[in-house]
Amino acid sequence: MQTNPLLALFGGALLLLGLIAFFIGRAKAARVRAAGVAMHAQPDQYAWFAVLATAGPALLVSALGAFVMLLLGAEIPVPYLLAGSLIIAALGLMFGINKAKPDFHARQAIERVIGWILIGAALISIFTTFGILFSIVFEALRFFQMHSFWDFITGTVWNPGASFLVAAGRGDEGGAAAQFGSVPLFAGTFMITAIAMLVAIPVGLLSAIYMSEFAPARVRTFAKPTLEVLAGIPTVVYGFFAAITVAPIIVNVAGFFGLDASFNNAVAPGLVMGIMIIPFISSLSDDVINSVPDSMRQGSLALGMTKSETIRDVVIPAALPGIISASLLAVSRALGETMIVVMAAGMRPNLTANPLEDMTTVTVRIVAALTGDLEFESAETLSAFALGLVLFAVTLSLNLVSVIMIRRFREKYRVNNL
Amino acid sequence: MNHSFDEISAQLKKRHRKSARLKWISMGALGLAGLFLVLFFSDMLNKGLPAFQQAYIQVEVDYNEDATRMGRAAMDREISSLVSRSFERLIPGMIRDNPDLLGTSEQRWVLANSQVDQYLKGHRNKLSEEERARVDELAESGQVELKFNTTFFTNGDSKMAESAGILAAVVGTVMTMLVTLAIAFPIGVMTAVYLEEFAPDNRLTQLIEININNLAAIPSILFGLLGLAIFINFFGVPRSSPLVGGMTLALMTLPVIIIATRTALRSVPDSIRHAAFGVGCSRWQAVRDHVLPLAMPGIMTGSIIGLAQAMGETAPLIIVGMVAFIPDVGISFTNAATVMPAQVFTWAGEPERAFVEKTAGGILVLLSILIALNATAVVLRKKFERRW
């Protein structure tokens, strides 16, 4: 790390130039004003403008240079880059001080620069999405160059086996060829997600109905944050709970009925994941049910319907888009959940309809492929990105549908707080 | 359709019964969730509290010539099988550092090994019958005791259950969270300020908004893939370091902070802005001097909640390699480190029975910190919440 002292030197020099800019700029503006000339801005604003003019372009140039080096692999010697930036900083300093004149709108100039900085910050979230997309797509494409996309989507055997030998250039040593058929992984993922939804949707929805339609205000203010606690517990803790406490119980119960269950069965992670997801459904459903206009309930009750009939035939149908949207978000959450399945579900890809057997999921394989001591170039490591790509596509579309549905609901009832 | 009055009232009764049934069922659903919470916490306390106690044993340590090479020789053969190997390993070093010790002997309380510990707590263990009898005997004479487990709070990870501790993970968490906050807080607040106070209502703004909502719902493991492919492989940030972990978590926490900040900014009434503009403030001056200070409590609350979320996150950190075995507590942003949830994950994978207890103990520490953070957020909100 020989660049570190250089960077410190650069930072120090830039800071010094900035300070010089600030004080000279202010002194100059103050002098002009003391001479009795009316100015467009305060001396401090001229000073800050000088600082921005000094530091802004210099930082921009050095960041650009660093990025070009990384992206294009072009070698720009670091000392030259930093020295160049410092020269630009000095030029900016002169420009900034020169601008401290009565007819210059320093405040508006600063305002414009700050506007650009804020836009830059806002764009980072967009870069993040694209970053995720590109990093996954790029590596996934490399995987699909080695193994066909069709086999990946339709194959029923997941056996990465000897792919690391191929990466090490010893392809003909390992016995069976590696197979990457992802169907068993998706089957496992959907099985566990389905079990989770069987728990989360009824319990979450009924809790929401109770809280918004029946519960006295006191219970409501207490129950809602309590349910939220479920969402705040780290998933690794749920995973431990599922593996150590719930799985043995499932095995015992299954044994009681004469069934043979694996300790890595799909029921334990599914159940626990369902419990974790309850607040996602209950909280959003509660908000949606609450924003169904009261006039609809009153109309229904005035026609002689009982409370449960009103809920079943009027409130729930009205709130349905919101409830479906909440459930879709919950499904997307369950599909991408990692720690619970890593700790409680199996490692063995297994295509079965029996939830008491052990089965594995997409996220488990991603973790397994990336935590070993494998070469990054091997097909198994890259397969993690292919799986990630599918996961990204599925959750993204679920999220988008969910957003569209909640927007429909909002427009229909003119609710603004959802 | 002619219904008699009796028929109708019977039907009505049935309908009301149905109504009551829905009420009870839905109440039961809520109760079920509550019951789970109670079961969960009692199970964790039950499993984790014993981790805060540890068996110690009083031994006669004889600093003889053999002990300079092999620590085991300093103790009675029969006792040494009950003592933690981590203490045996220390003995030669102790003599080297302090040669006067050679030839002396002393009574010391030292860590017993995890088998003795598990035996005393009534759990499954691998002690032989004689060893059990000996431990019983020693316990009777007060030479073996369960004491408060300070090792757990002062040590890093260890392959020996009795001397494994959480401190390295706590330090790693603090470092990682510092990085996360340093990145996510300014960028998140700036984004929210832009969207609420500056942005024109155009395509770009809508794109940013949709994108932020979508980021909040992307599975966390995908952020790990981003961290691995871009931060580590492309930018060359050191693997397993708090720096890369913090950067990855910062991207995950960003939407939480942005959404919370926007809500806080929106709750500041427009009259404040109008007053500021009225006395000649520019937009930025109005935001900096009037809107932001008023929104700060809400922003802080949201950031603390986002921080608590990031603190419990494991999956992306596993992908960027933060599950390293860290026996020494080190303060560095670029060296390998581990965090509390990752430590819990590592311990959960250890086959020894004693580690189950450590795992649950680590979980209790993690949960207490999270509860403290969330409580702080609630108190902040209660204290500074303002109705306009």
Side-chain angles (χ1 to χ4, degrees), chain A residues 70 107 111 114-115 117-119 121-122 124-126 128-129 131-132 135-136 139 202-203 206-207 209-211 214 223 226-227 229-230 232 234-237 240-241 243-245 275 278 306-309 311 329 332 335-336 338-339 343 363 366-367 370-371 385 388 391-392 395-396 399 403, chain B residues 15-16 18-19 22-23 25-27 29-30 32-34 36-37 40 43 187 190-191 193-195 198 207-208 210-215 217-223 225-226 228-230 234-235 251 254 282-284 308 312 314-315 318-319 323 341 344-345 348 356 359 363 366-367 370 374:
Chain A
L70 277 170
R107 188 170 76 165
E111 199 90 348
I114 285 175
I117 294 176
L118 292 179
I119 291 183
I124 286 183
S125 67
I126 300 233
T128 307
T129 309
I132 291 180
S135 59
I136 297 174
E139 308 291 352
V203 177
L206 284 171
S207 304
I209 290 176
Y210 179 73
M211 284 196 291
F214 294 109
T226 311
L227 269 188
V229 170
L230 284 176
T235 52
V236 66
V237 178
F240 177 70
F241 183 70
I244 296 288
T245 308
I275 290 164
I278 289 172
T306 64
K307 194 151 189 180
S308 71
E309 286 160 353
I311 294 170
L329 273 186
S332 119
L335 290 177
T338 311
M339 292 320 292
M343 294 170 79
T363 47
I366 295 181
V367 169
L370 293 177
T371 46
F385 287 90
L391 189 63
F392 181 77
T395 51
L396 184 71
N399 297 341
V403 166
Chain B
R15 287 167 61 200
H16 278 301
K18 246 185 174 170
S19 200
L22 179 67
K23 182 177 172 179
I25 290 178
S26 61
M27 204 173 175
L30 190 62
L32 207 64
F36 170 80
L37 211 56
F40 170 78
D43 184 53
I187 295 179
M190 279 178 357
T191 306
V193 165
Y194 176 72
L195 290 176
F198 285 82
L207 184 72
I208 295 177
I210 293 175
N211 180 55
I212 288 166
N213 286 331
N214 179 49
L215 267 189
I218 283 183
S220 61
I221 191 170
L222 295 181
F223 284 93
L225 292 184
L226 166 102
L228 178 64
I230 296 202
F234 185 68
F235 284 114
L251 295 183
L254 209 50
S282 68
R283 205 165 259 279
W284 168 243
T314 326
I318 290 185
I319 302 291
V323 276
V344 165
F345 175 64
V356 171
T359 313
I363 285 175
L366 177 62
L367 285 180
L370 292 185
N374 281 303

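We name chains A, B, ... by the order of the sequence lines, and we start the count at 1 in each one.
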**Message:** If we define contacts as heavy-atom pairs under 4.5 Å, which of Gly115(A), Gly336(A), Ala121(A) has the most with chain B?
**Reply:** Ala121(A)

**Message:** Using heavy-atom distances under 4.5 Å, tell me whether Leu370(B) contacts chain A through its side chain, its backbone, both, or neither.
**Reply:** side chain

**Request:** May I ask you to name which of Ile275(A), Thr338(A), Ile117(A), Thr363(A) has the most heavy-atom pairs under 4.5 Å with chain B?
**Result:** Ile275(A)

**Request:** Heavy-atom pairs under 4.5 Å with chain A are the metric here; pick the option from Ile25(B), Leu215(B), Ile230(B) that has the most.
**Result:** Leu215(B)

**Prompt:** Given the options Asn214(B), Leu254(B), Ile212(B), which has more heavy-atom pairs under 4.5 Å with chain A than any of the others?
**Reply:** Asn214(B)

**Asked** Which atoms of Ala308(B) come close to chain A, meaning under 4.5 Å heavy atom to heavy atom: side chain ones, backbone ones, both, or neither?
**Response** neither

**Best-contacting candidate, Asn211(B), Thr314(B), Leu22(B), against chain A by heavy atom pairs under 4.5 angstrom** = Asn211(B)

**Asked** Between Phe240(A) and Ile363(B), which heavy-atom pair has the shortest distance, and what is it?
**Response** CD2-CD1, 3.4 Å

**Complete:** Heaviest contributor of heavy-atom pairs below 4.5 Å to chain A, chosen from Ile210(B), Ile218(B), Leu32(B), is Ile218(B)

**Fill in**
chain B shares the most heavy-atom pairs under 4.5 Å, among Thr245(A), Ile278(A), Ile124(A), Ile209(A), with Thr245(A)

**Item:** Toward chain A, the part of Ile208(B) with a non-hydrogen atom under 4.5 Å
**Value:** both

**Item:** Contact summary for Lys23(B) and Tyr210(A), nearest pair of heavy atoms
**Value:** O-CD1, 4.0 Å

**Message:** Please identify, among Ser220(B), Ala217(B), Ser282(B), the residue contributing the most non-hydrogen atom pairs under 4.5 Å to chain A.
**Reply:** Ser282(B)

**Prompt:** Considering only heavy atoms, which portion of Leu367(B) lies under 4.5 Å from any heavy atom of chain A: side chain, backbone, both, or neither?
**Reply:** side chain

**Request:** Evaluate the ring planes of Phe241(A) and Phe36(B), with Trp represented by its six-membered ring, and classify them as parallel (under 30°), tilted (30 to 60°) or perpendicular (over 60°).
**Result:** perpendicular

**Message:** For a quick test of reading the model, state the closest non-hydrogen atom pair linking Ile318(B) to Met339(A) and the distance between them.
**Reply:** CD1-CE, 3.6 Å

**Complete:** Of Thr128(A), Leu396(A), Thr395(A), Thr226(A), the largest count of non-hydrogen pairs under 4.5 angstrom with chain B goes to Thr128(A)

**Prompt:** Taking every heavy-atom pair that is under 4.5 Å apart, which of Val237(A), Ile366(A), Val203(A) has the most such pairs with chain B?
**Reply:** Val237(A)

